[in-house]
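Everything below concerns the one structure shown next.
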Amino acid sequence: MPRVGLSTDAVVAAGTELVDRDGPGALSLSRVAAELGVRPPSLYNHVDGLDGLERLIAIDGVTRLAEACRTAIMGRTGTDALRAMAQAYRSFAQANPGVYVLTQVARPGDARYEAVAARLVEAVVALLATFGYRDYTLLHATRALRSALHGFVMLEAQSGFGLDLPVDDSFAWLVDVLERGITGPR
């Protein structure tokens, strides 16, 4: 019988907070249960084990990341949209470091995850289409943009930028390079 006041949303929220605070490796049902003041078996009424909880956190994270990117480009085109999306992507990763990592795990065959992940890809595709990309060049450009942003935010999250140079300046430089590459000859 489900515990009164405990819900799937509450379990996911506690797991999300734990992952962002302590990293994805810290996620366990016993730690989430302790955060909620319940025994671990109580969680099984709301999530399908640790893998199920991780999946729900990832789905929620990808949904929020896609929405942030979609909102950032709404009403914008070209370089203005590129800069807004890049900043939204980085801001999400900074605010949700553990969840961001979980959003990057491929979940083939998981229709719900694939549907929300597609919304993120659709936002990138919509942005790049404003630059005139079509067909296979659109797919290459999508992969390149996502890879560049992902690489930067992961290095930043893992303290991979040790030089005495403002990271914000480096991010702006990266976006400038991306802009020149995207708007340049194809």
Side-chain angles (χ1 to χ4, degrees), residues 12-28 31-32 35 50-51 53-73 76 79-108 110 113-114 116-128 131 133 137-184:
V12 171
T16 296
E17 185 177 320
L18 175 66
V19 164
D20 280 339
R21 184 184 64 232
D22 299 336
L27 185 63
S28 72
R31 288 201 56 196
V32 171
E35 297 270 334
L50 183 59
D51 288 342
L53 176 57
E54 190 174 283
R55 173 185 173 266
L56 291 176
I57 292 169
I59 288 170
D60 177 64
V62 170
T63 301
R64 292 186 292 125
L65 175 57
E67 188 57 33
C69 289
R70 293 169 70 86
T71 299
I73 65 172
R76 294 182 166 100
T79 58
D80 184 39
L82 172 64
R83 290 181 181 286
M85 178 184 276
Q87 188 54 57
Y89 194 97
R90 181 180 181 215
S91 293
F92 179 86
Q94 288 173 326
N96 306 276
V99 169
Y100 176 78
V101 170
L102 293 180
T103 67
Q104 301 304 304
V105 176
R107 298 176 187 282
D110 184 333
Y113 181 82
E114 288 176 353
V116 295
R119 290 183 54 82
L120 176 58
V121 174
E122 288 166 5
V124 176
V125 166
L127 163 68
L128 292 169
F131 288 99
Y133 283 92
T137 61
L138 180 60
L139 299 178
H140 290 312
T142 298
R143 286 179 174 171
L145 178 59
R146 290 184 65 212
S147 296
L149 295 175
H150 173 71
F152 191 96
V153 301
M154 287 304 295
L155 283 168
E156 183 176 29
Q158 296 169 350
S159 302
F161 298 125
L163 299 176
D164 187 22
L165 182 68
V167 176
D168 289 344
D169 292 352
S170 295
F171 187 73
W173 196 89
L174 170 69
V175 175
D176 288 344
V177 168
L178 291 170
E179 178 184 329
R180 286 192 303 273
I182 289 169
T183 60

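None of the values given here were measured: they were computed from a predicted structure.
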Checklist line | CG-OG1 distance between L128 and T137, expressed to the nearest 0.5 angstrom | finding: 9.5 Å
Margin query: Looking at every non-hydrogen atom in both residues, tell me the closest pair between A148 and L178 and how far apart they are.
Written below: CB-CD2, 3.7 Å
Note to self: What I'd like to find out is whether the side chain of D176 reaches to under 4.5 Å of the side chain of R83, using heavy atoms alone.
What the structure shows: yes
Check: Among all residues two or more places apart in sequence or in another chain, which pass the side-chain hydrogen bond (donor to acceptor under 3.5 Å, both in side chains) test with S170?
Finding: none
Next item on the list: Report the distance from atom CE of M85 to atom CG of L82, rounding to the nearest 0.5 Å.
Entry: 8.5 Å
Note to self: Applying side chain to side chain contact (heavy atoms under 4.5 Å, CB included), can you list everything that pairs with T71, at least two apart in sequence or on another chain?
What the structure shows: E67
Notebook entry, point to check: Mind checking what makes salt bridge (Lys or Arg N to Asp or Glu O under 4.0 Å) contact with R55, not counting sequence neighbours?
Noted result: D110
Note to self: Show the nearest heavy-atom pair for residues R31 and A26, with the distance to one decimal.
What the structure shows: NH1-CB, 3.1 Å
Item checked: Closest heavy-atom pair and its distance - V175, A86 -> CG2-CB, 3.7 Å
Donor-acceptor pairs under 3.5 angstrom involving side-chain atoms of residues 99-108: please list them, not counting sequence neighbours.
from	atom 1	to	atom 2	distance (Å)
Y100	OH	Y89	OH	2.7
Y100	OH	H150	ND1	2.6
T103	OG1	Y100	O	2.6

Margin query: Applying ring pair (Phe, Tyr, Trp, His ring centres under 6.0 Å), can you list everything that pairs with F152, at least two apart in sequence or on another chain?
Written below: F161, F171
Item checked: Residue list, side chain to side chain contact (heavy atoms under 4.5 Å, CB included) with A118, at least two apart or on another chain -> E122
Next item on the list: Give a yes or no on this: more than 12 heavy atoms of other residues, nucleotides or ligands lie within 6.0 Å of atom CG of L165.
Entry: yes
Margin query: Suppose we screen for side-chain hydrogen bond (donor to acceptor under 3.5 Å, both in side chains). Which residues come up paired with N96, at least two apart in sequence or across chains?
Written below: R64
Item checked: For R143, salt bridge (Lys or Arg N to Asp or Glu O under 4.0 Å) partners two or more places apart -> none
Next item on the list: Please name the pair of heavy atoms, one in A14 and one in V32, separated by the smallest distance, quoted to 0.1 Å.
Entry: CB-CG1, 4.0 Å
Notebook entry, point to check: What residues, two or more places apart in sequence or in another chain, satisfy side chain to side chain contact (heavy atoms under 4.5 Å, CB included) together with A157?
Noted result: none
Next item on the list: Kindly give the heavy-atom pair with the smallest separation between L127 and A81, and that separation in Å.
Entry: CD1-CB, 3.3 Å
Margin query: Once side-chain hydrogen bond (donor to acceptor under 3.5 Å, both in side chains) is applied, do any residues pair with E156, and if so which ones, sequence neighbours excluded?
Written below: R90, Q94
Check: In Å, rounded to the nearest 0.5 Å, how long is the span from CH2 of W173 to CG of D168?
Finding: 16.0 Å
Margin query: Ignoring hydrogens, what is the shortest heavy-atom contact between C69 and L120? Give both atom names and the distance.
Written below: SG-CD1, 3.9 Å
Checklist line | Between CD on residue E17 and CG on residue D20, distance to nearest 0.5 Å | finding: 8.5 Å
Notebook entry, point to check: Could you give the distance from OG1 (T16) to CD1 (I57), rounded to the nearest 0.5 Å?
Noted result: 4.5 Å
Next item on the list: For R21, enumerate each residue passing the side-chain hydrogen bond (donor to acceptor under 3.5 Å, both in side chains) test, keeping only those at least two apart in sequence or located in another chain.
Entry: E35
Next item on the list: Report yes if some heavy atom in the side chain of I182 is under 4.5 Å from a heavy atom in the side chain of Y133; otherwise report no.
Entry: yes
Margin query: Can you list everything that forms a side chain to side chain contact (heavy atoms under 4.5 Å, CB included) with T79? Sequence neighbours excluded, please.
Written below: F131, E179, T183
Next item on the list: For residues V12 and I59, determine if any side-chain heavy atom of one lies less than 4.5 Å from a side-chain heavy atom of the other.
Entry: no
